[in-house]
Enquirer: 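This is the structure I want to talk about, given as structure tokens.
Chain identifiers are assigned alphabetically (A, B, ...) following the order of the sequence lines, protein sequences preceding nucleic acid strands; residue numbering begins at 1 within each chain.
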Number of protein chains: 2
Amino acid sequence: MGNTSNDSGPQTQARPGRGDSDRAYHHGDLRNGLLEAARAILEEQDLSALTLRAVARRAGVSHAAPYRHFPNHEALLVELGLEGFAELRHFIVDAGKVGGPESDRIANIGAAYMRFVAKRPAVARLMFGPQLPHREKFPALTVAADAIGTEIGAALSDPNLGLAVWAAVHGLAMLVLENVIDLGQRRSGLHVLPSRSEILLRSLFATKRD
Amino acid sequence: MGNTSNDSGPQTQARPGRGDSDRAYHHGDLRNGLLEAARAILEEQDLSALTLRAVARRAGVSHAAPYRHFPNHEALLVELGLEGFAELRHFIVDAGKVGGPESDRIANIGAAYMRFVAKRPAVARLMFGPQLPHREKFPALTVAADAIGTEIGAALSDPNLGLAVWAAVHGLAMLVLENVIDLGQRRSGLHVLPSRSEILLRSLFATKRD
DNA sequence: ATGATAACTTACCACTGTAATCATGTGGTT
DNA sequence: AACCACATGATTACAGTGGTAAGTTATCAT
């Protein structure tokens with residue numbers, strides 16, 4: 001209450017008036033700056049490069065500054081993982097909107113899942129790997145993960161089938177992501193795989209109820 | 001080779017004659033000692049606890065001693081991962097020996113897969129996670145992983161179905177392993193799940209060709 | 001017994017997460 | 001306007017990590 005000139009909430013990038021020093025002592029919105037730096041590292045490098053210190057360096061602050069905004073490294077990872085779950089959920093919801101027989105929706109959702117993993121491999125490793133803390137300590141993670149299963153089930157009119165589809169496409173995605181199997185000609189050619197996996201998924205679920 | 005009292009080869013545990021110092025300067029068979037220490041850590045703790053220094057401590061040597069036997073940390077992980085793949089392959093081969101309709105073999109292999117992951121969670125994370133180096137640098141890893149797919153396919157008389165089964169059961173196992181989903185009542189109750197997953201797998205593949 | 005060498009230890013380096021403490025702005029009160 | 005409290009940042013420090021280099025010790029071949 002009583003804010004004279006400031007609307008509520010943190011301003012995204014603009015630093016307040018001073019402007020003579022290139023680097024203000026106060027970043028302005030370091031929390032988002034850190035998240036953005038972290039996202040960039042996950043895109044350009046991989047999960048093992050996502051050090052708290054590297055994030056701080058990239059955001060242009062000292063290596064201890066992040067502790068004013070995240071209690072520890074884990075908390076940063078949780079935040080990024082939640083973002084990943086939200087994006088994946090979006091992919092799935094969109095893919096489930098397709099009409100026609102259920103096998104089309106299955107194949108479409110599977111392809112979308114593969115596309116997400118291909119687009120954000122490091123985020124997928126974070127979401128589904130052991131780096132995230134025990135879900136009990138962060139209920140939001142459980143909620144976000146459950147939402148994936150719920151959306152798949154909702155698009156398929158049968159929760160049991162939803163779980164089966166999730167397991168199948170998730171397994172395929174993880175096996176390909178970690179190079180355990182090699183669909184397609186060039187190894188780690190993750191980006192051409194949605195169509196291939198769509199075929200596989202279709203052959204898996206098509207004859208069942210169609 | 002005028003060995004007076006010693007037969008050739010490294011003796012497994014017994015240190016040679018001196019016996020007055022409790023800890024001999026030379027371990028005798030440190031390579032296996034390190035592997036055993038590493039296995040123990042994976043059983044009692046988790047993958048993140050498997051530092052090279054912790055392994056060395058547990059084996060009773062200095063933190064630099066392992067480098068006489070493994071070029072780096074990765075190499076130790078590769079060795080343990082290969083052991084894991086061999087054990088999993090054994091599980092699958094045994095499970096595929098069951099007679100009867102193909103759906104029985106599918107369910108049996110799936111349950112065996114889940115049982116392996118439940119028995120060696122940390123090893124499974126190692127085998128299927130990003131900690132292992134790029135498979136190109138260690139062809140043995142590719143061979144061991146391919147063998148899993150081959151065995152599953154061989155037990156099912158159709159390699160395509162084999163890949164589908166692998167993907168489905170692998171996805172289920174990973175989702176449960178990392179607590180993304182929660183089959184069963186108590187969370188992380190990984191050990192009661194083979195039967196539940198067997199039911200799921202059966203419902204997944206039973207109606208197809210049976 | 002005596003080198004040569006393999007196996008191990010000690011001492012480093014750069015890096016990490018994290019905590020304690022110091023410095024600097026910013027906003028609200030007088 | 002002056003001032004102070006507090007949030008936010010910087011510094012410093014510490015224990016732990018993977019890895020390397022150099023020194024030490026035991027074993028082997030001669």
Side-chain angles (χ1 to χ4, degrees), chain A residues 1-11 14-34 37-38 41 45 47-78 131 133, chain B residues 1-11 14-34 37-38 41 45 47-78 131 133:
Chain A
M1 69 255 310
N3 259 342
T4 55
S5 66
N6 218 344
D7 50 14
S8 66
Q11 51 267 38
R15 241 79 72 353
R18 303 303 295 273
D20 81 86
S21 162
D22 188 20
R23 178 156 302 284
Y25 190 89
H26 285 83
H27 179 283
D29 188 11
L30 183 53
R31 186 169 208 278
N32 284 326
L34 292 168
I41 290 174
Q45 313 183 51
L47 185 52
S48 66
L50 191 67
T51 313
L52 207 44
R53 288 167 110 103
V55 173
R57 269 192 301 268
R58 183 147 193 154
V61 295
S62 81
H63 66 265
Y67 285 92
R68 297 289 148 177
H69 303 272
F70 296 94
N72 51 31
H73 189 201
E74 257 185 6
L76 208 228
L77 297 185
V78 167
Q131 280 86 357
Chain B
M1 64 237 346
N3 258 345
T4 55
S5 66
N6 221 341
D7 50 11
S8 68
Q11 51 270 35
R15 245 75 77 344
R18 304 303 295 274
D20 81 86
S21 161
D22 187 22
R23 177 157 302 284
Y25 190 88
H26 285 81
H27 179 282
D29 187 12
L30 183 54
R31 187 170 208 278
N32 284 327
L34 291 168
I41 289 174
Q45 311 183 52
L47 184 52
S48 66
L50 190 70
T51 63
L52 207 44
R53 288 167 114 100
V55 173
R57 268 193 301 269
R58 182 149 194 154
V61 294
S62 79
H63 68 264
Y67 287 92
R68 293 290 141 178
H69 303 273
F70 297 93
N72 51 33
H73 189 201
E74 257 185 6
L76 208 228
L77 298 185
V78 168
Q131 280 86 358

Enquirer: Mind checking B/Ala65 for me? I need base, sugar-phosphate or nothing, with any heavy atom below 4.0 Å counting as a touch.
Expert: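 B/Ala65: base contact, heavy atoms under 4.0 Å.
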
Enquirer: If we only count heavy atoms from C-beta on, is the B/Gln131 to B/Leu47 side-chain gap below 4.5 Å?
Expert: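 Of all side-chain heavy-atom pairs linking B/Leu47 with B/Gln131, at least one is under 4.5 Å.
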
Enquirer: How long is the line joining CG of B/Asp29 and C1' of C/dA7, in whole Å?
Expert: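 My rounded result for the distance is 13 Å.
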
Enquirer: Using whole Å, what does the distance between atom C1' of nucleotide D/dG16 and atom CG of B/Leu50 come to?
Expert: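 Nearest whole value for this atom pair: 15 Å.
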
Enquirer: Looking at every non-hydrogen atom in both residues, tell me the closest pair between A/Ala56 and A/Leu34 and how far apart they are.
Expert: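 Here A/Ala56 and A/Leu34 meet closest at CA-CD2, 4.2 Å.
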
Enquirer: Would you kindly give the CG-to-C1' distance between B/Leu77 and D/dT17, to the nearest whole Å?
Expert: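 Roughly 14 Å, once rounded to whole Å.
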
Enquirer: Can you confirm whether B/Leu50 sits close enough to B/Leu77 that some side-chain heavy atom of one is under 4.5 Å from a side-chain heavy atom of the other?
Expert: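 SC-SC contact between B/Leu50 and B/Leu77 confirmed.
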
Enquirer: Can you tell me the distance, in whole Å, between the CG atom of A/Asn32 and the P atom of D/dT8?
Expert: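 Between P of D/dT8 and CG of A/Asn32: 13 Å.
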
Enquirer: Please give, in whole Å, the distance from C/dC8 P to B/Phe70 CZ?
Expert: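 Checked: the CZ to P distance equals 12 Å.
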
Enquirer: State, yes or no, whether a side-chain contact exists between A/Ile41 and A/Arg58 at a heavy-atom distance under 4.5 Å.
Expert: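 Yes, their side chains come closer than 4.5 Å.
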
Enquirer: Could you work out which one of C/dA20, D/dG19, D/dG9 sits closest to the side chain of A/Ala64?
Expert: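 Selected nucleotide (nearest to the side chain): C/dA20.
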
Enquirer: Taking the side chain of A/Ser62 as its heavy atoms from C-beta onward, which of D/dT11, C/dT18, D/dG18 lies nearest to it?
Expert: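 Of the options given, the side chain of A/Ser62 lies nearest D/dT11.
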
Enquirer: Whether the side chain of A/His69 engages the backbone of A/Asn32 through a donor-acceptor N/O pair (distance < 3.5 Å, no angle test) should be reported.
Expert: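 No, the answer is negative, given that no donor and acceptor are paired below the 3.5 Å cut-off.
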
Enquirer: To the nearest Å, how far apart are A/Leu34 CG and D/dT8 C1'?
Expert: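 In whole Å, D/dT8 C1' and A/Leu34 CG are 12 Å from each other.
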
Enquirer: Which nucleotide wins on minimum distance to the side chain of B/Arg68, given the candidates C/dG17, D/dT8, D/dA22?
Expert: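 Of C/dG17, D/dT8, D/dA22, D/dA22 is nearest to the side chain of B/Arg68.
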
Enquirer: Between A/Pro71 and A/Arg57, which is nearer to the 5' end of DNA chain C once each is assigned its nearest nucleotide?
Expert: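 Nearest nucleotide further toward 5': that of A/Arg57.
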
Enquirer: Distance check needed: C/dT18 P versus A/Leu52 CG, whole Å only.
Expert: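 Rounding to the nearest Å, CG of A/Leu52 and P of C/dT18 are 7 Å apart.
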
Enquirer: How long is the line joining CZ of A/Arg53 and P of C/dT16, in whole Å?
Expert: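 Taking atom P of C/dT16 as the reference, CZ of A/Arg53 is at 6 Å.
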
Enquirer: With a 3.5 Å cut-off and heavy atoms only, can you find an N or O donor on one side and an acceptor on the other between the side chain of A/His63 and the base of D/dT11?
Expert: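 For A/His63, whose side chain was compared with the base of D/dT11, there is no donor-acceptor pair (under 3.5 Å).
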
